[in-house]
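Since the structure comes first, as structure tokens, the remarks are kept for the end.
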Number of protein chains: 2
Amino acid sequence: MEELLKIDEVAKLSGLSKRTIRYYEEIGLLPPPPRSQGGTRLYTQDHVEFLKKITIAKEVLGFSLQELHHFLSLRDTLENQRADYKKVTEPRERKEKLIEIIHLLDDQLQMIEEKIHKIMSVQTELVTLRERARAAIVKIDEELSK
Amino acid sequence: MEELLKIDEVAKLSGLSKRTIRYYEEIGLLPPPPRSQGGTRLYTQDHVEFLKKITIAKEVLGFSLQELHHFLSLRDTLENQRADYKKVTEPRERKEKLIEIIHLLDDQLQMIEEKIHKIMSVQTELVTLRERARAAIVKIDEELSK
DNA sequence: TATAAATTTAACGTTAACGTCAAATTTATA
DNA sequence: TATAAATTTGACGTTAACGTTAAATTTATA
């Protein structure tokens, strides 16, 4: 029972604009969905999930769409370790590819660590600011109640 | 003993380009430094620190320069609680302003919480991917050693 | 089935955040 | 002090990531 969605629905569910959704397809980021007889795009819930994920990755990691693209191809390579790929490609070659992927993931994970560090430093700074503001209010209240 | 820096030094220390530094001044983000007789900009270490901070905030929070601008004016308002400002402005008015600032900080801090959440979700996903890749390598090795 | 509402492609427009280049001046160096 | 190296202002260029508009179809509704 595949629920088919049209672009307007997908836009509402994903929080992206219709233009953006088509654009992501245009640049090869979103897999092209099947079409109806007349050519209307017919999406599934999977597309929505996918869009949500890359939106988060973009927001949070500050990835450009190019970088996202590159990153997603990694995931695909991993997926392809199953099924057909195995039969076609040399084990040795597959292993090389996997090692490459792991290195890239290590890099990304390190970058994420750094980002978390930085964001927390900003966080503590803001908390400090808030404390100062609160203290200033207390002072004013003291002044006013004299 | 104020060490004075010229723009090329500041660029190297901050990691930004000279163009970017002038641009930040142009849009009012970076306070204009004093000039030499001939008009050359003379910075201090404080400028460098400032640039580093806003670079982190921009990177990490995904702030636009506009948003940064707005945000920095907050901090300035807080700074101004001291000194002259106090003598000129009504306590009641100052308190209003402070409450406004606190609300804004609360919002920002909430946003940061959410970002940290999201980034960690991406993190765990990447770790999972890496695990899968490692497992796949083990499988291949087993194949090869048969 | 006529009409309204939604979708498609195509093309041009927009904005932020700088990059790049040039010509004039200033500062550093031999 | 002559020459090289750096800085300044000004202006135009660039790129990513869409927005907007229009004209042609397609899909939904009364």
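Residue numbers begin at 1 in each chain, while the letters A, B, ... track the order of the sequences. From a predicted model like this one, the values you see are computed outputs, not experimental measurements.
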Practice task
Check whether any side-chain nitrogen or oxygen of A:Y24 sits under 4.0 Å from OP1 or OP2 of D:dC18, and answer yes or no.
Solution key: yes
Exercise for the section: Using atom CZ of B:R22 as one end and atom P of D:dT9 as the other, report the distance to the nearest whole Å. Expected result: 7 Å
Exercise for the section: Nearest whole angstrom, please: distance from the C1' of D:dA17 to the CZ of A:R19. Expected result: 9 Å
Handout entry: Charged N-O contact under 4.0 Å between A:E67 and A:K58
Key = no
Handout entry: Shortest side-chain distance from B:I7, nucleotide among D:dT27, D:dT7, D:dT9
Key = D:dT7
Exercise for the section: Salt-bridge test for B:E9 and B:K12: reply yes if a basic N is under 4.0 Å from a carboxylate O, no otherwise. Expected result: no
Practice task
For C:dT26, take OP1 and OP2 only and decide whether either is under 4.0 Å from a side-chain N or O of B:S36.
Solution key: no
Handout entry: Closest nucleotide among C:dA17, D:dA28, D:dT26 to the B:S64 side chain
Key = C:dA17
Exercise for the section: Applying side chain to side chain contact (heavy atoms under 4.5 Å, CB included), run through B:K52 and B:I56 and close with a yes or a no. Expected result: CA-CA 6 Å; B:K52 282 186 183 172; B:I56 289 183; 5.7 Å; no
Exercise for the section: Could you tell me the separation between the CD atom of A:Q66 and the C1' atom of D:dA17, rounded to a whole number of Å? Expected result: 12 Å
Handout entry: A:T20 side-chain N/O to D:dA17 phosphate OP1/OP2 under 4.0 Å
Key = no
Problem - Candidate nucleotides D:dT26, D:dT7, D:dT9, ranked by approach to the side chain of B:D8 - the nearest - result: D:dT7
Problem - D:dT27 phosphate, OP1 or OP2, under 4.0 Å from A:R41 side-chain N/O - result: no
Handout entry: Residue from B:L30, B:V48, B:L13 passing side-chain contact (heavy atoms from CB on, under 4.5 Å) with B:Y43
Key = B:L30
Completion exercise
Per nearest nucleotide of DNA chain D, the residue lying toward the 5' end, A:Q37 or A:I27, is A:I27
Practice task
In plain terms, say whether A:K139 and A:E143 are close enough for a salt bridge, that is, a side-chain N and a carboxylate O under 4.0 Å apart.
Solution key: no
Exercise for the section: Would you kindly give the CG-to-C1' distance between B:L42 and C:dT26, to the nearest whole Å? Expected result: 12 Å
Exercise for the section: For A:K95 and B:D141, indicate whether the former's side chain and the latter's backbone hold a donor-acceptor pair under 3.5 Å. Expected result: no
Exercise for the section: Nearest whole angstrom, please: distance from the C1' of C:dT7 to the NZ of A:K12. Expected result: 13 Å
Practice task
Compare side-chain N and O positions of A:K18 against OP1 and OP2 of C:dT7 and report whether any pair is under 4.0 Å apart.
Solution key: yes
Practice task
Could you let me know what D:dT29 is paired to, Watson-Crick or G-U wobble, both distances under 3.5 Å, or none if it's on its own?
Solution key: C:dA2
Practice task
Could you check whether B:L65 gets within reach of a base, just the sugar-phosphate, or nothing at all, counting any heavy atom under 4.0 Å?
Solution key: sugar-phosphate
Exercise for the section: Output yes when at least one side-chain N/O atom of A:T40 is less than 4.0 Å from OP1 or OP2 of D:dT27, else no. Expected result: yes
Completion exercise
Rounded to whole Å, CD of A:E26 lies from P of D:dG19 at a distance of 13 Å
Handout entry: N or O in side chain of A:K6 less than 4.0 angstrom from D:dA28 OP1/OP2
Key = yes
Problem - Rounded distance (Å) that lies between atom C1' of C:dC18 and atom CD of B:E25 - result: 16 Å
Practice task
Please state how far atom NE2 in A:H69 lies from atom C1' in D:dA16, giving the value in whole angstrom units.
Solution key: 15 Å
Problem - B:K58 vs C:dC18: side-chain N/O to OP1/OP2 distance below 4.0 Å - result: yes
